[in-house]
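As the structure is a prediction and not an experimental result, all values here were calculated from the model.
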Amino acid sequence: MGQSRRLRSGPGGAPRLGTGPERAGGGRAGSSGAAMAAPGPRQRGGGRPCPWPAARRRLPVLRWLPRYSPAWLRLDLVAGLSVGLTVVPQALAYAEVAGLPPEYGLYSSFMGCFVYCFLGTAKDVTLGPTAIMSLLVSSYAFHEPVYAILLTFLSGCIQLAMGLLHLGFLLDFISCPVIKGFTSAASITISFNQIKNILGLRGIPRQFFLQVFETLRRIGETRAGDAVLGLACLAVLGGLRAMKSRLPRATRVEPLPVRVSYLIVWTTTTARNALVVLFAGLVAYSFQVMGSQPFTLTGSIPQGLPAFRLPRFSMATPNGTIPFPSMVEDMGVGLAVVPLMGLLETIAIAKAFASQNDYRIDPNQELLAMGFANILGSFVSSYPITGSFGRTAVNAQSGVCTPAGGLITGALVLLSLAYLTSLFYYIPKAALAAVIISAVVPMFDAGIFRTLWRVKRLDLVPLCVTFLLCFWEIQYGIMAGMLVSGILLLYSVARPPIKVSEVSDGDMLLVQPWSSLHFPAVECLRDAVCSHALTASPPRSVILDCCHISSIDYTVVAGLAELLQELHKHGLSLAFCSLQDPVLQVLLSADLEGFQHFPSREEAERCGGAEPGGSGAAPSASTSQSSLLPAGLIQ
């Protein structure tokens, strides 16, 4: 790609990626990332070969740090501050979604930034709490910090093991309809969960259907102050998001006042979460000074940094101690869902921005980075973290050049914990609820239903199953969606498309499977051949066109042997044509009686097949020395 990439905002605030001019002051945006992520013994800039290739592969920081440019520092600093101003209010809000005290959102927001700087391969990705992960933590940690921290540690161990074993391919078995169904349902669930804070209601259950019922039943108890402030914050956030999506980019050739105006508007729209929360906090503080408080406030947040210690592997309760095995049993399927969804979200985001910004990532290294980030995060009371699309978009649009921007973001969170937590007391919960709703509403993709209806309607089944069951329980929705997707996949393997037609002279049938053959498809193939060849009047020999078959297994070979015998009993032949080398070698090794093959379909038609038991065209390879079929199968 000759041009660098930059991030633009699309309609409705959804990020849209495309080509663009060079970023001011930093050269081409893609070049730094490409130099950071490109594998090989020598940097693209002509640097010296790294004397420790293994260390360079496992510590991507060694790829870009020796070439770090002072011009990159300014852009990384701006990007880190921009993301930091976004993550602090979001962290407080997402802790509410996770069912944990607000300080745990901040505890979860800095370790991932530091770890990813050294181990990550994407310059744009930023790790921390997200809406999706917070919702999963709410389901599997039972609103207990001890469970949440242990879940972080165990998820990190699983992710680290997957990275070491190169098991990232397992994520490929989670289909796009399942992901879309889950994220769309999560968008609705999280948004409605915050309605109670917008309306100032208390004591609303967390189960979605009970939540809807209780909210509607008690809507008359709405606190006017919370409702007015929450709706006003939503309106302001929506307006600033729309403004950012339509903001034209100022270039260097523009006059200085235009560029300054652009910078002011861009900063305001990018840091909109922090500005709205700050404004709401000032309003709440003003009412407190006047002796009244119409808002529900966040309340006291412990000041200071979390202790660095091992997560607790048991939990004391009034009725005794819950041991580690019981805690693991309680979390159940969450130990699979949480790490897999975290990896899926991070790698999907990393691949998207790497593709658009012209650099490459290493998926298995990303697994290692996620694993270490969660393991070390559990030592500072973090709940599970993952890549954030919204904050990654802010990072990319700010012109970040290397993962060093994460150091600035993490430092800002630490400063907030050390010195600003006393100010968080006055933040209204309605303002944080507005931040959450504004962040998750774009996750609902209504267009995917229309798209799948137009493209492939069968994919609507796993989408709808996942979407509907996630309102009941998240794990049931994801597992059911994956199960349905797996069944559809197996069905396509078991029932491959097979075309049956007559050859030109009409005395033979041409059978064309349109995909590889595996053991579930044997009966389908036999039925297709026999139902047409034996029921025709008169019965006809068959040419099996194998040009689309790239692999077969033992069961298929056994089924073909039986098919050859069955046709032979009726005085018919089965000729193979256009065999690919791997398939031909398997069939030759099987030493099938009556096996005959032709290089092309035209030659098979011209020869009219061969007499049953004939030799057919001579194969290019010698016949096998041993048979793969069971004794007695071939006479």
Check: [Y] main-chain N/O paired with [X] side-chain donor or acceptor under 3.5 Å:
{"X": "E473", "Y": "Y476", "answer": "no"}
{"X": "S134", "Y": "A95", "answer": "no"}
{"X": "D124", "Y": "N395", "answer": "no"}
{"X": "S245", "Y": "A242", "answer": "yes"}
{"X": "S492", "Y": "L489", "answer": "yes"}

**Asked** Just checking, is any N or O donor in the side chain of N197 or T296 under 3.5 Å from an acceptor N or O on the other one?
**Response** no
**OP:** Verify whether one side chain among S388 and T126 offers a donor that lies under 3.5 Å from an acceptor in the other.
**Re:** no
On a heavy-atom basis, the closest approach of I385 and A373 is CD1-CB, 4.1 Å
Can you measure from [atom1] ([X]) to [atom2] ([Y]) and round to the nearest 0.5 angstrom?
{"X": "T298", "Y": "E96", "atom1": "OG1", "atom2": "CD", "result": "9.0 Å"}
{"X": "L463", "Y": "L458", "atom1": "CG", "atom2": "CG", "result": "12.0 Å"}
{"X": "L160", "Y": "S155", "atom1": "CG", "atom2": "OG", "result": "12.5 Å"}

Margin query: Heavy-atom count check: over 12 atoms from other residues, nucleotides or ligands less than 6.0 Å from F449 CZ?
Written below: yes
Sorted by chain and residue number, the ring pair (Phe, Tyr, Trp, His ring centres under 6.0 Å) partners of F142 (sequence neighbours excluded) come out as Y147
The side chain to side chain donor-acceptor pair (under 3.5 Å) partner of Q159 among N374, T346, T386 is N374
Exercise for the section: Verify side chain to side chain contact (heavy atoms under 4.5 Å, CB included) between Q211 and I195, making sure each step is shown before the conclusion. Expected result: CA-CA 10 Å; Q211 194 176 91; I195 294 296; over 6 Å; no
Can K196 and T215 be said to form a side chain to side chain donor-acceptor pair (under 3.5 Å), step by step?
CA-CA 7 Å; K196 66 178 186 295; T215 300; over 6 Å; no
Q) Ring centroid separation for Y383 and Y104, is it under 6.0 angstrom? A) no
If you take the centroid of each ring, where Trp contributes its six-membered ring, are F192 and F209 closer together than 6.0 Å? no
For residues 442-461, the side-chain hydrogen bond (donor to acceptor under 3.5 Å, both in side chains) pairs (sequence neighbours left out) are K180-D445
